[in-house]
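Below is one structure, written out as C-alpha cells; comments come after it.
Side-chain atoms are counted along with the backbone in the values below, which use heavy atoms only and exclude waters and symmetry mates.
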Amino acid sequence: MTSHPTAEAATIVRPSVVGATVTYATRARSCRATVEALLAQGVESVIVVDNGSTPDAQRELRELVAEYEPRVLCHRLDRNEGSAPAFGLAIALAREAGAEYVWLLDDDNLPEPGALDSLIAEERRLWDAGTMPCAVAPVRAPSADPDEVAETIASELSREQPEASRSFAGVEAGLFARRALERLGLRRAVQRTGGDLPYAPYGGLLMRIAATRAIGDPDADLVLYGDDLEYTSRIVAAGGRIVLTPRAVVVDPRGERWMPPGFEVLAMFRSTNDALLYYSLRNRVHRELRIGKRWSRARVLNGALFAALCLVCMIVTRRRDKARVIRTAVDDAIAGRLGRRVEF
C-alpha cells in the first residue's frame with residue numbers, strides 16, 4: 001500500500017526532522033534498510049544508536065556511515081543496555097542536533113511513501129489546535145498489503161485497553177468479562193470513533209523536540225520492554241494527546257514471537273524468553289501502581305483475579321518455572337526494584 005500525503009501535507013514547508021533508530025546484535029542489514037527508508041522520506045539526518053552489535057555488524061554499520069556521511073551518524077554502546085537507555089540517548093542526540101522534530105523507528109521498520117508528510121500534517125493540526133505535548137503514530141502493519149493495513153487499523157481501533165488506574169498486570173475484571181463474552185460470540189467488540197491512543201511504541205512515533213523536553217527522557221531503570229509505553233503515556237498524563245494516523249503506514253515485520261497471541265496470562269506461561277517476560281511484567285505493574293490509588297479496592301480485586309488466573313494457567317501448562325518468573329517480576333515491581341536485574 002502506498003500512503004499519499006494529504007493536500008495539507010503537500011503544501012506545507014517541510015520542517016527539520018531527525019530520524020533515529022536503535023540496532024543491536026546482528027541486525028545491521030535491516031538497520032541499513034530502515035536508515036535508507038528514512039533518508040528517502042526526506043529527513044535531514046539519521047542517528048543510529050548501536051546497542052551492542054556484533055563485530056561483523058559493527059563493520060557493516062561503519063560502512064553505512066561512510067556511504068552516507070554526514071547525514072548518518074552512529075553512536076556505539078559497548079553492550080546491549082536495553083531499549084530505554086538506547087532510545088533515551090537517541091532522543092538526547094536528536095535534541096542536540098537542533099531539529100524541530102524527531103522520528104523514531106525500530107531497526108526493521110520500513111515507512112511507506114508519504115508516511116512522514118502525513119504524520120507532520122496530523123501533528124501540526126494538533127499543535128495548531130493548542131495541544132501540547134502531542135505525538136502522532138503511524139499504522140504499524142506486517143506488510144503494505146491494503147487488506148492487512150485495513151485489518152491492522154480495525155484491530156487498533158477496536159482494542160480496548162485496561163484502565164491502568166485500577167488494573168493489575170493488565171487484568172481488569174470488567175474488561176476480562178467483556179473479552180470473554182466477545183470470544184464466546186455473545187458481544188461485539190466496540191470500535192473507537194477517534195484515533196486517540198493512551199500510549200504508543202517507539203517505532204514510527206513522531207514528536208516535536210519541544211515535546212521531548214516537556215516529558216523528559218525514557219526511564220533507563222526500566223531497561224527494556226514497556227519502557228516506551230511508560231514514556232509515551234506521560235504525554236497523555238500531561239494533558240496532551242497521541243493520535244493514530246491511518247494515512248501513515250510503517251511496515252513492521254512480525255518476526256518470531258516470544259509470547260504467542262491470545263489470552264495474555266496464558267501466553268505468559270507459553271512464552272519462550274524469561275528475561276522479556278520478567279521485564280515486560282515488572283515494568284507494566286510498576287507503571288500501573290504509579291497511576292491512581294496504589295491499592296484501591298479495584299486494584300486489590302484485579303490483583304487477586306490475576307493471581308487466580310496464573311494458578312489456573314500454571315496447572316494447565318505445568319510450567320512452575322514461568323510462575324516463578326512472574327512472581328519475581330511482580331514482587332520487584334511492588335518493591336520498586338528496577339534496573340537491570342535479569343540478563344538478556
Side-chain angles (χ1 to χ4, degrees), residues 22 24-25 51-52 80-88 104 106-108 137 140 156 159-172 175-176 179 197-205 218-234 252 254-291 299 302-303 305-307 309-310 313-314 317 319-344:
V22 171
Y24 62 98
N51 201 14
N80 188 341
E81 298 289 351
S83 53
F87 270 103
L104 304 175
D106 292 332
D107 67 351
D108 59 355
R140 290 160 48 106
E156 191 67 44
R159 185 184 303 149
E160 186 178 2
Q161 300 290 348
E163 177 51 59
S165 64
R166 58 176 177 264
S167 61
F168 189 91
V171 171
E172 183 188 344
L175 179 58
F176 177 77
R179 285 179 175 171
L197 303 172
Y199 41 69
Y202 294 127
L205 194 74
D219 186 348
D221 283 339
L222 297 182
V223 187
L224 80 162
Y225 229 95
D227 51 292
D228 50 354
L229 308 187
E230 187 279 329
Y231 179 61
T232 55
S233 69
R234 298 180 207 166
D252 180 28
R254 304 290 194 262
E256 185 178 351
R257 292 175 181 261
W258 67 271
M259 192 164 78
F263 177 44
E264 193 168 359
V265 178
L266 181 59
M268 291 180 189
F269 282 85
R270 291 176 172 167
S271 61
T272 59
N273 189 313
D274 285 355
L276 295 186
L277 173 59
Y278 169 82
Y279 284 112
S280 64
L281 183 55
R282 184 198 68 178
N283 293 344
R284 183 171 200 167
V285 174
H286 170 74
R287 178 171 60 85
E288 289 171 329
L289 294 179
R290 295 174 64 188
I291 302 173
R299 183 95 70 196
N302 290 322
L305 177 57
F306 174 70
L309 292 172
C310 283
C313 292
M314 183 187 70
T317 61
R319 296 299 302 269
R320 290 182 178 272
D321 57 325
K322 299 297 181 183
R324 286 192 290 271
V325 175
I326 291 169
R327 175 63 183 271
T328 301
V330 169
D331 286 348
D332 284 352
I334 292 172
R337 291 189 288 266
L338 303 180
R340 186 173 184 136
R341 302 186 64 84
V342 174
E343 289 304 312
F344 51 90

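R140 places a side-chain N or O within 3.5 Å of a backbone atom of G203 that can act as its donor or acceptor partner. Here the side chain of N302 pairs a donor or acceptor atom with the backbone of R166 at under 3.5 angstrom. Judged purely by atom type and a 3.5 angstrom limit, R340 has no side-chain atom pairing as donor or acceptor with the backbone of G82. Side-chain N or O atoms of N273 include one that pairs as donor or acceptor with a backbone N or O of A275 at under 3.5 Å. Between the side chain of E172 and the main chain of E163, a donor-acceptor pair closer than 3.5 Å is present. Proximity of a side-chain donor or acceptor of Y279 to a complementary backbone N or O of R341 within less than 3.5 Å is detected.
Residues satisfying the side-chain hydrogen bond (donor to acceptor under 3.5 Å, both in side chains) criterion with D227, sequence neighbours excluded, are S83, Y202.
Taking CE from M259 and OG1 from T272, the interatomic distance works out to 10.0 Å, rounded to the nearest 0.5 Å. Taken from CG in D321 to CD1 in I326, the straight-line distance is 9.5 Å, to the nearest 0.5 Å.
Residues I291 and A164 come closest through the heavy atom pair CD1-CB, 3.7 Å.
Counting non-hydrogen atoms of other residues, nucleotides and ligands closer than 6.0 Å to OH of Y278 gives a total above 12.
Side-chain contact check for L338 versus L222: some heavy-atom pair is nearer than 4.5 Å. At least one side-chain heavy atom of V265 sits under 4.5 Å from a side-chain heavy atom of C310. Within the 4.5 Å cutoff, the side chain of F269 has no heavy atoms near those of the L277 side chain. Proximity of E288 to R299: side-chain heavy atoms (C-beta onward) are separated by under 4.5 Å at one or more points. V22 has its side chain out of reach of L104: every pair of non-hydrogen atoms, C-beta onward, lies at least 4.5 Å apart. Here the side chains of W258 and Y225 are in contact, with some heavy-atom distance below 4.5 Å. Side-chain atoms of R282 and V223, non-hydrogen and from C-beta on, do get closer than 4.5 Å to each other. The shortest distance between side-chain heavy atoms of S233 and R287 falls below 4.5 Å.
A tilted orientation is assigned to the rings of F306 and F168, their planes being inclined by 30° to 60°.
Residue pairs meeting the salt bridge (charged side-chain N to carboxylate O under 4.0 Å, His left out) criterion with at least one member in residues 264-275, sequence neighbours excluded, are E264-R284, D274-K322.
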